Amino acid sequence: MSEIIKSILNRSSEPKLAEPAPDAAVLEEAFACAARAPDHALLRPWRYLVIEGEGLDALGRVFERAADSSDPLAPKAEKLRKMPHRAPMIIIGIARHQDHPKVPAIEETLSTGCGMAFLMLALEARGFSAMWRTGPVAYHPAVREGLGLEDNESITGFLYVGTPTVNKPTISPAEPKDFVAHWPSA
Ligand SMILES: Cc1cc2nc3c(=O)[nH]c(=O)nc-3n(C[C@H](O)[C@H](O)[C@H](O)COP(=O)(O)O)c2cc1C
């Protein structure tokens, strides 16, 4: 089996992440992989924010603005403030929507998402792990504003990044026969 197939089949998202986070050289390589995402019309419709150290405290204060005390089901302010500290580094994937006659916004989001998947695989290849998260904070106007998003940008996800502390039990994979068909059928 090829190395790349092995690494895809064996990848897993790890919720419990500790120091160390990737260094500058590992990040440079991983972002170069992200930039190889399929990209209709080569719009490069993505950008990334890397947050660590005191930046995680600042991100917590931004997340806290998404609290809604009138909604009993919404996450509480304190929980939101602590969220970024679930990993030593967070990488935010942002899709940048350009007005292109042949490329709808969904394709720019897909491209950014593909880049995030490549980024995760590249980080895993260097011994790190990541977990892709969204939740209400990914879509809340106060979070968008706090992170300086332009009107034409959207958050594709927060990659929590670090070194895995425990290995999650393996998830039994979906079987290709359950989700693949040939068309038209015989
Ligand atoms: C766009 C997107 C958003 C996600 N948001 C969350 C989230 O907010 N919380 C969460 O626990 N998992 C979230 N996940 C799922 C996890 O990242 C992960 O894929 C899932 O736990 C399955 O684990 P595995 O990747 O090891 O198969 C999200 C995945 C994607 C692609």
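Ligands are counted one by one from 1 in listed order, and the atoms in each one are counted from 1 as well. The shown structure was predicted, so the numbers you read here are calculated from the model rather than taken from an experiment.
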**Report entry** Flag if over 12 foreign heavy atoms under 6.0 Å of CG, Asp71
**Finding:** yes
Within the heavy-atom cut-off of under 4.0 Å, ligand 1 is lined by Arg11, Ser12, Ser13, Met131, Trp132, Arg133, Thr134, Gly135, Lys168, Ile171
Hey, is Glu64 close enough to Arg61 for a salt bridge, meaning N to O under 4.0 Å? no
Q.
Whether Glu145 and Arg65 form a salt bridge (side-chain N of Lys/Arg under 4.0 Å from carboxylate O of Asp/Glu) is what I want to check.
A. no
Heavy-atom nearest pair, Ile91 first then Val50, reads CG1-CG2, 4.4 Å
Exercise. If the plane angle is over 60° it's perpendicular, under 30° parallel, otherwise tilted; pick one for His100 and His40.
Key: tilted
Those residues at least two apart in sequence (or on a different chain) that pass ring-ring contact (aromatic ring centres under 6.0 Å, His included) with Phe31 are Tyr48
